[in-house]
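Remember, predicted model here, so these are calculated numbers, not experimental data.
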Amino acid sequence: MVERTVYSTSARRKVAELLRNERRYLTAAAIYRILKTQSARLALSTVYRTLETLASTGVVSSRADPSGELSFVYCHDGHHHHAICTKCGHVDEVSCSAVDVFRAALLEEQAFELDKHAVEFFGRCARCR
Ligand SMILES: [Zn+2]
Ligand SMILES: [Zn+2]
Ligand SMILES: [Zn+2]
């Protein structure tokens with residue numbers, strides 16, 4: 001029992017650390033492959049379970065690609081958005097302040113009241129411009 005707890009804690013630490021360093025969306029399979037090259041002995045099923053736990057506690061967030069496959073990225077606390085580099089995949093966190101302008105415009109021009117939103121930005125990061 002104690003051993004299991006230690007094991008899952010270290011799995012969580014390894015996966016979180018990897019995502020914190022990578023700063024791009026990665027699938028469970030990709031994370032599993034990278035961890036393997038770092039000779040971390042985690043089963044793919046452990047990687048999946050660990051990602052679920054990290055996602056439920058808000059340490060990582062996930063998105064589905066068109067085929068439905070989930071990928072994960074490290075996230076800081078608080079509401080923000082992601083600017084995703086289409087060249088290298090780097091993810092920058094962006095504040096939500098621009099959405100307030102959009103919210104006001106929607107209300108004024110279309111009488112539409114915004115309750116919630118999900119926005120992703122795509123372009124090129126500082127290194128790829
Ligand atoms: Zn984030
Ligand atoms: Zn880039
Ligand atoms: Zn927002």
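You'll find the side chain of H82 reaches within 4.5 Å of the side chain of V73, heavy atoms only. Inter-residue side-chain proximity for C88 and R124 is flagged as unmet; no heavy-atom pair is nearer than 4.5 Å. Side-chain contact between V99 and L114 is present, with at least one heavy-atom pair separated by less than 4.5 Å. Residues V59 and Y74 form a side-chain contact, since some pair of their non-hydrogen atoms from C-beta on lies under 4.5 Å apart.
T86 contributes a side-chain N or O that, together with a main-chain N or O of G123, makes up a donor-acceptor pair within less than 3.5 Å.
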(request) Given side chain to side chain contact (heavy atoms under 4.5 Å, CB included), test L18 with L26 step by step and report yes or no. (result) CA-CA 10 Å; L18 182 145; L26 292 168; 3.8 Å; yes

(request) Quick one: do L107 and F112 satisfy side chain to side chain contact (heavy atoms under 4.5 Å, CB included)? Show the steps, please. (result) CA-CA 5 Å; L107 193 59; F112 185 90; over 6 Å; no

(message) Run R13 and T9 through side chain to side chain contact (heavy atoms under 4.5 Å, CB included) and show every step you take.
(response) CA-CA 6 Å; R13 192 174 45 74; T9 304; 5.7 Å; no

(request) Before giving the answer on side chain to side chain contact (heavy atoms under 4.5 Å, CB included), spell out for C85 and R24 the whole-Å C-alpha distance, their side-chain angles and the decisive distance to 0.1 Å. (result) CA-CA 9 Å; C85 178; R24 58 195 169 108; over 6 Å; no

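Between H79 and H117, the ring centre distance stays below 6.0 Å.
Tracing side-chain contacts under 4.5 Å through hydrophobic residues (I, L, V, M, F, W, Y), one reaches L35 starting from F72; they form part of the same cluster. The cluster map of Ile, Leu, Val, Met, Phe, Trp and Tyr, joined by side-chain heavy atoms under 4.5 Å apart, puts V94 and V91 in different clusters. Linking Ile, Leu, Val, Met, Phe, Trp and Tyr whenever their side-chain heavy atoms come within less than 4.5 Å puts Y32 and L70 in one cluster. Hydrophobic clustering keeps V60 apart from Y25 (ILVMFWY residues linked when any side-chain heavy atoms are closer than 4.5 Å, directly or through intermediates). V101 and V119 sit in two unconnected hydrophobic clusters of ILVMFWY residues. Membership requires side-chain heavy atoms under 4.5 Å apart, directly or through other members.
Expressed to the nearest 0.5 Å, how far NZ of K14 lies from CG of L19 amounts to 14.5 Å. For the atom pair CD of Q38 and CD of E17, the computed distance is 8.5 Å after rounding to the nearest 0.5 Å. Atoms CZ and CG, from R12 and L51 in turn, are 11.5 Å apart once rounded to the nearest 0.5 Å. In this structure, OG on S10 lies 6.5 Å from CG on L42, to the nearest 0.5 angstrom. In this structure, CZ on R20 lies 8.0 Å from NE2 on H76, to the nearest 0.5 angstrom. Note that the OG atom of S62 and the CD atom of E52 stand 10.0 Å from one another [nearest 0.5 Å].
With hydrogens and angles left out, the side-chain atoms of H81 and E93 include no donor and acceptor closer than 3.5 Å.
D65 CG: more than 12 foreign heavy atoms inside a 6.0 Å radius. Heavy-atom contacts from other residues, nucleotides or ligands closer than 6.0 Å to CZ of F121 number more than 12.
One finds a salt bridge joining E120 and R63 here, because a Lys/Arg side-chain nitrogen approaches an Asp/Glu carboxylate oxygen to under 4.0 Å.
Summarising the geometry of L44 relative to A28, their closest heavy-atom pair is CD1-O, 3.9 Å, with the distance given to 0.1 Å. The minimum heavy-atom distance linking G89 with I84 is given by the pair O-CG2, 4.4 Å.
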